[in-house]
Protein chains: 2
Amino acid sequence: MPRVGLNQQTVVREAARLADEVGYRQLTLAALASRLGVALPSLYKHVRGADALDQKLSALATAELATEMTTAAVGRAGGDALRAMADAYRGYAHRHPGRYPATQRVPDPADPEHVAAGERAVGAIFAVLRGYGLTDDDAVDATRALRSALHGFVSLEAAGGFGLPRDVDRSYHQLVAGMDVAFRSWPRPRGTVDQADQQ
Amino acid sequence: MPRVGLNQQTVVREAARLADEVGYRQLTLAALASRLGVALPSLYKHVRGADALDQKLSALATAELATEMTTAAVGRAGGDALRAMADAYRGYAHRHPGRYPATQRVPDPADPEHVAAGERAVGAIFAVLRGYGLTDDDAVDATRALRSALHGFVSLEAAGGFGLPRDVDRSYHQLVAGMDVAFRSWPRPRGTVDQADQQ
DNA sequence: GCTTTAAAGCTAGCCATATTAGCCAACGTT
DNA sequence: AACGTTGGCTAATATGGCTAGCTTTAAAGC
């Protein structure tokens, strides 16, 4: 029995590829093992189990997504940065339909790389929102709002939730434009007034 | 062997209760059968299988959610209606954490009640948006945007995706306020100008 | 170059879940 | 009272995940 020469990285990467092909929920240890030319229990030499694989896949996908979001926003500001980042977000979900759902898993505190990836992703959004003059609590609220809008749209789209013939790309751009409008005059419950209000 | 006296409705309703208790993904035919005091295969006399149960649960939950959304918006208009409906939406997800995910399943064309429930839910949103002067394509885009925002927030919240200490209720209200702002000046890509712009 | 040893692979076997087939008893109808 | 429908059952199969424990590879050390 010649060795295949796997390691954790190989296994997780192949899992990512497989998930994109067959779908996140169809990603199974059995399918992954057969894809890697190995018996199922052999995977346990590299991954603790199905849940651990899931977590590692999440770390991988989150890191990739964070990088693409960051790259998209670089050198841009305001609505420009917002649109670029939003397009990158949805683009990633389209190109990696199996990896994308994994990005929604909460980072494992025991996995520093996972935590770092999550922070990079949120940090990218934070940076864009700073361009709207949003900081502190406002930025937290706005970040949650943007994540909600983008994730909600992408996941409804993936689920086939948009039945009407109306162009989905256009709806997405409208959503992003709407968020842009909202961020320009983001409600400030405590009566805060900052630079962004004056412009 | 005395008969328990089940029927499809009993089974689906108990599934909904069980899902709320143990979580949507932990809803299993085995658990449901034992809850109903019946052997697992007996469920097949009332439901075609796990997927069919899921679909029926979706129909039930969607109908409930649609009713609550509609009720909340009745007698209100504009931002008032929007806030009431948004609160009803999130409230339902909180009170029924196991049913809520089922509402995201696309209605089964073969189940008229399911389809009708989905239409009622979307119709409720449509009605609220009419209060903003949004119709036709604009209303389709705005409906998708609102569904995305509400679903995204609720699902991120349920997944534990909001780690920071910042109050989640407040963030939600900010999101809804942001959508209100967006709908008031909803972008019109084709240069359309209607009544709502004049006010 | 030979020995040693960590680890990468294997087989076998278990549990949970879903599903189908086919049997039997309860109960409503006649 | 007989009958047929139907709601329950047991048994058996398939898939997925997991553990235990064995074997062999291949790298490290002498």
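Throughout, a chain's letter reflects where its sequence line sits, starting with A, and its residues are numbered from 1.
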Length of the line joining [X]:[atom1] and [N]:[atom2], which is rounded to integer Å:
| X | N | atom1 | atom2 | result |
| --- | --- | --- | --- | --- |
| H46(A) | dA6(C) | NE2 | C1' | 13 Å |
| K45(A) | dG17(D) | NZ | P | 19 Å |
| D54(A) | dC18(D) | CG | P | 11 Å |
| L6(A) | dA26(D) | CG | P | 13 Å |
| L43(B) | dC9(D) | CG | P | 9 Å |
| L32(A) | dG16(D) | CG | P | 12 Å |
| Q8(A) | dA7(C) | CD | C1' | 15 Å |

Is the base of dA7(C) touched by the side chain of R3(A) through a donor-acceptor pair closer than 3.5 angstrom?
-> yes
Do [X] and [Y] have side-chain N/O donor and acceptor atoms under 3.5 Å apart?
| X | Y | value |
| --- | --- | --- |
| H94(A) | E157(A) | yes |
| Y172(A) | Y89(A) | no |
| Y24(B) | D54(B) | yes |

Any residue meeting side chain to side chain donor-acceptor pair (under 3.5 Å) with R130(A), in chain and number order, not counting sequence neighbours | none
Does S42(B) place a side-chain N or O at less than 4.0 Å from the phosphate oxygens OP1/OP2 of dG7(D)?
-> no
For nucleotides 15-21 of chain C, read 5' to 3', which letter fits each nucleotide if B means a protein heavy atom sits under 4.0 Å from the base, S means only the sugar-phosphate is that close, and - means neither?
-> --SSBB-
Evaluate whether atom CD of E21(A) has more than 12 neighbouring non-hydrogen atoms of other residues, nucleotides or ligands under 6.0 angstrom away.
-> yes
Return all side-chain donor-acceptor pairs below 3.5 angstrom for residues 70-77 of chain A, not counting sequence neighbours, or 'none' if the list is empty.
unit_1, atom_1, unit_2, atom_2, d
T70(A), OG1, A66(A), O, 2.7
T71(A), OG1, T67(A), O, 2.8
R76(A), NE, A72(A), O, 3.2

